[in-house]
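What follows is a set of notes on a single structure, which appears directly below.
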Amino acid sequence: MAPDDAARRNGDGPAKTFCEFFAGIGLVREGLSSSGWRCVCANDIDPKKREMYQLRFGAEEHFHPGNIWDTKEVVARIPGRPFLATASFPCVDLSLAGHWRGFDGDHSSTFFGFAQVLEALGERRPALVMLENVAGFITSRAGQDFEAAVRALAMLGYWIDAFVLDASYFTPQSRPRVFVIGVHESITNAPAVRKSSSEWTADGWTQRVKAGPSRLRPARLVRLMESIALPTGWAAFHLPQPKTQRGPLADLIDRDDSQEWWDADAVRKHRDMMSPRHRRLVDQMLASGKLFVGTIFRRKRPDGTRAEIRFDGLAGCLRTPRGGSARQIVIAIDGGRLRMRWMSAREYARLQGADDFPLTDNNIQNLFGFGDAVCVPVIRWIDRHVLTPVFEAANAGRDRRSVLH
């Protein structure tokens with residue numbers, strides 16, 4: 001008997017279970033487990049990410065190493081009716097790296113494999129869905145890909161909310177991500193303001209999305225949502241302004257002599273690749289003797305390759321190590337010394353809020369795993385303000401529809 005079926009027979013509400021699709025190394029699970037969510041099925045096609053997942057969580061039978069398009073096989077592995085399904089589908093086609101192909105690309109279009117699984121689940125369809133992707137998800141093909149995704153969920157009976165959350169509130173990493181929440185119409189008492197497609201006058205939904213923190217629901221996202229009429233409608237959860245909780249970047253970067261610091265020639269080469277302004281700032285900090293820890297990306301510019309430093313106390317967005325421009329360089333100015341090296345996998349883990357996550361012996365495998373993952377405290381924040389409140393509302397067993405302001 002599935003756990004949620006047993007709960008219902010005992011007169012209880014739904015069990016706090018979830019499935020994670022495009023699971024990667026499992027950082028969504030890492031974020032959800034602290035509040036009692038239990039993963040009953042995970043799916044990913046990458047065996048190296050599965051290896052890292054199992055290093056952390058053990059070799060559990062519920063991990064399905066297969067293609068999301070194998071609908072029957074995927075559905076057969078999902079026990080009962082999980083309350084939540086998460087999907088961090090591939091982002092490559094929604095960015096410059098994928099030439100902005102959007103859902104015409106082979107990678108990001110796997111979202112529809114996930115939607116197909118939801119459809120095939122029928123009455124076992126999760127009550128709650130969460131999508132995660134890059135900020136380009138909003139702008140890809142002038143919003144057409146975002147519309148296609150939310151419309152596909154709405155056709156399956158989900159009311160939709162969307163927002164942008166940056167990891168920089170929680171760790172010193174610039175990592176804005178788009179999150180789409182789908183609440184199934186069977187959950188009539190979800191703690192959200194709802195707006196059907198026929199109600200486009202001033203209302204609670206409009207007030208909430210426009211009066212809330214603008215970084216969470218930027219104007220271009222709100223305009224896009226207002227322009228899309230869904231078969232169900234839009235929802236808006238109360239999203240408070242996140243409190244900045246991050247510590248200094250220097251606290252997450254190892255500065256001891258045992259690190260693989262570059263030799264003088266490599267440091268000189270990258271200093272010469274800096275713009276005159278960046279070289280001047282570096283020289284000033286060297287002369288001052290003050291500590292500075294930052295990161296560098298190598299970027300192609302019209303005048304050649306540049307080594308560009310972030311001086312704002314944040315690491316750049318972690319990415320998978322495809323090509324020299326994708327890997328971040330640590331720069332440390334300490335005691336009048338200028339040092340540089342590649343950022344380590346352990347530092348990647350710290351910037352993703354997974355400090356003690358086990359690593360493999362393959363450094364590139366580790367970098368791919370964390371570069372493709374979500375930031376753990378971001379997931380915990382969403383869980384606290386959206387996912388668990390929906391679960392608790394559903395578990396309260398109220399049948400009437402309520403709207404909380």
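Only heavy atoms go into these numbers, but all of them, side chains included; no hydrogens, no water, no symmetry mates.
- In plain terms, the two heavy atoms of Met343 and Ala315 that are nearest each other are CE-CB, 4.4 Å.
- Although no hydrogens or angles enter the test, the distance criterion places a donor-acceptor pair under 3.5 Å between the side chain of Arg125 and the main chain of Leu118.
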Open item on the list: Between Gln365 and Glu51, does the side-chain hydrogen bond (donor to acceptor under 3.5 Å, both in side chains) criterion hold? Intermediate values first, please.
Closed with: CA-CA 10 Å; Gln365 179 180 355; Glu51 179 185 350; 3.1 Å; yes
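- When atom types are taken as modelled, the side chain of Arg194 and the backbone of Gly233 share no donor-acceptor pair closer than 3.5 angstrom.
- Distance CD1/Ile331 to CZ/Arg339: 12.0 Å, rounded to 0.5 Å.
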Open item on the list: If you apply the rule side-chain contact (heavy atoms from CB on, under 4.5 Å), what do you find for Leu27 with Phe357, and how did you get there?
Closed with: CA-CA 9 Å; Leu27 294 197; Phe357 202 95; 3.6 Å; yes
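- His278 places a side-chain N or O within 3.5 Å of a backbone atom of Ile309 that can act as its donor or acceptor partner.
- Residues Lys195 and Thr206 share a closest heavy-atom pair of NZ-OG1, 3.6 Å.
- Closest non-hydrogen pair, Thr388 versus Trp37, comes out as OG1-NE1, 3.4 Å.
- Here CE of Met340 is found 7.5 Å from NE2 of His270. Values are rounded to the nearest 0.5 Å.
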Open item on the list: salt bridge (charged side-chain N to carboxylate O under 4.0 Å, His left out) for Glu20 and Arg29? Distances and angles first, verdict last.
Closed with: CA-CA 8 Å; Glu20 55 179 338; Arg29 177 174 177 175; 5.1 Å; no
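- Not a single donor-acceptor pair under 3.5 Å links the side chain of Thr110 to the backbone N or O of Gly113.
- A cation-pi geometry, defined here as NZ or CZ lying under 6.0 Å from the six-membered ring centre and within 45° of its normal, holds between Arg319 and Phe297.
- Atom CG of Leu128 sits about 11.5 Å away from atom NE2 of His184, to the nearest 0.5 Å.
- Scanning both residues, Gln173 and Leu351, for their nearest heavy atoms gives NE2-O, 3.1 Å.
- Rounded to the nearest 0.5 angstrom, Asp44 CG and Lys49 NZ are separated by 6.0 Å.
- Here the closest non-hydrogen pair linking Thr171 and Arg350 is CG2-O, 4.3 Å.
- In this structure, the side chains of Val129 and Leu156 stay at 4.5 Å or more apart for every pair of heavy atoms.
- In summary, of the residues considered (Thr232, Ile187, Leu230), a side-chain contact (heavy atoms from CB on, under 4.5 Å) with Trp159 occurs for Thr232 alone.
- The backbone N or O of Glu73 lies less than 3.5 Å from no partner atom in the side chain of Asp70, so there is not a single donor-acceptor pair.
- Ile138 approaches Leu224 most closely through the heavy-atom pair O-CD2, 3.6 Å.
- In terms of modelled atom types and a separation under 3.5 Å, the side chain of Asn189 and the main chain of Ala393 share a donor-acceptor contact.
- Classification of the Phe89-Phe137 ring pair by plane angle, with boundaries at 30° and 60°, yields perpendicular.
- Here the side chains of Val74 and Gln116 are not in contact, with every heavy-atom distance at 4.5 Å or above.
- Inter-residue side-chain proximity for Lys48 and Ile364 is flagged as unmet; no heavy-atom pair is nearer than 4.5 Å.
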TODO: Could you please spell out the steps behind the side-chain hydrogen bond (donor to acceptor under 3.5 Å, both in side chains) verdict for Thr360 and Asn366?
DONE: CA-CA 7 Å; Thr360 72; Asn366 294 325; 3.0 Å; yes
- [ ] Could you walk me through whether Lys16 and Phe83 pass side-chain contact (heavy atoms from CB on, under 4.5 Å), step by step?
- [x] CA-CA 6 Å; Lys16 202 173 188 182; Phe83 190 85; over 6 Å; no
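- Between atom CG of residue Leu359 and atom OH of residue Tyr348 there is a gap of 13.0 Å, rounded to the nearest 0.5 Å.
- Between Leu153 and Leu131 there is a side-chain heavy-atom pair separated by less than 4.5 Å.
- Between Asp161 and Arg217 there is a salt bridge, since at least one side-chain N of the basic residue sits less than 4.0 Å from a carboxylate O of the acidic one.
- Looking only at distances, no side-chain donor or acceptor of Glu132 sits under 3.5 Å from a matching main-chain atom of Val374.
- The number of heavy-atom neighbours closer than 6.0 Å to CG of Asp361, taken from other residues, nucleotides and ligands shown, is 12 or below.
- More than 12 heavy-atom neighbours from other residues, nucleotides or ligands sit within 6.0 angstrom of CZ on Arg301.
- The environment of Asp356 atom CG is sparse: at most 12 non-hydrogen atoms of other residues, nucleotides or ligands sit within 6.0 angstrom.
- Contact annotation: the side chain of Lys269 never approaches that of Asp272 to less than 4.5 Å [non-hydrogen atoms, C-beta and beyond].
- Using a 4.0 Å cut-off between charged side-chain N and carboxylate O, Arg346 and Asp254 make no salt bridge.
- Using cut-offs of 30° and 60° on the angle between ring planes, the pair His62 and Tyr53 is perpendicular.
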Open item on the list: Is there a side-chain contact (heavy atoms from CB on, under 4.5 Å) between Leu387 and Ile181? Walk through the geometry before answering.
Closed with: CA-CA 9 Å; Leu387 306 182; Ile181 305 295; 4.2 Å; yes
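- Checked by atom type and distance alone, the side chain of Lys210 never pairs as donor or acceptor with a backbone atom of Val222 at under 3.5 Å.
- Using the six-membered ring where Trp is involved, Trp234 and Trp205 have ring planes that are tilted, between 30° and 60° apart.
- Two residues are said to be in side-chain contact when any heavy atoms from C-beta on lie closer than 4.5 Å; Asn363 and Trp342 fail this criterion.
- From Met274, atom CE reaches atom CD of Glu308 across 11.0 Å, with rounding to the nearest 0.5 Å.
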Open item on the list: Is there a side-chain contact (heavy atoms from CB on, under 4.5 Å) between Val183 and Phe237? Walk through the geometry before answering.
Closed with: CA-CA 11 Å; Val183 182; Phe237 288 90; 3.6 Å; yes
Please tabulate, for the side chains in residues 238-252, all donor-acceptor contacts under 3.5 angstrom to protein atoms that are two or more places apart in sequence or on a different chain.
unit_1: Gln241; atom_1: NE2; unit_2: Tyr169; atom_2: OH; d: 3.0
unit_1: Arg246; atom_1: NH1; unit_2: Ser168; atom_2: O; d: 2.6

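- The shortest distance between side-chain heavy atoms of Leu32 and Ile379 falls below 4.5 Å.
- Checked by atom type and distance alone, the side chain of Arg38 never pairs as donor or acceptor with a backbone atom of Phe18 at under 3.5 Å.
- Side-chain contact between Phe368 and Asp46: absent, with no pair of heavy atoms (C-beta onward) separated by less than 4.5 Å.
- Between the side chain of Arg124 and the backbone N or O of Gly80, at least one donor-acceptor pair lies under 3.5 Å.
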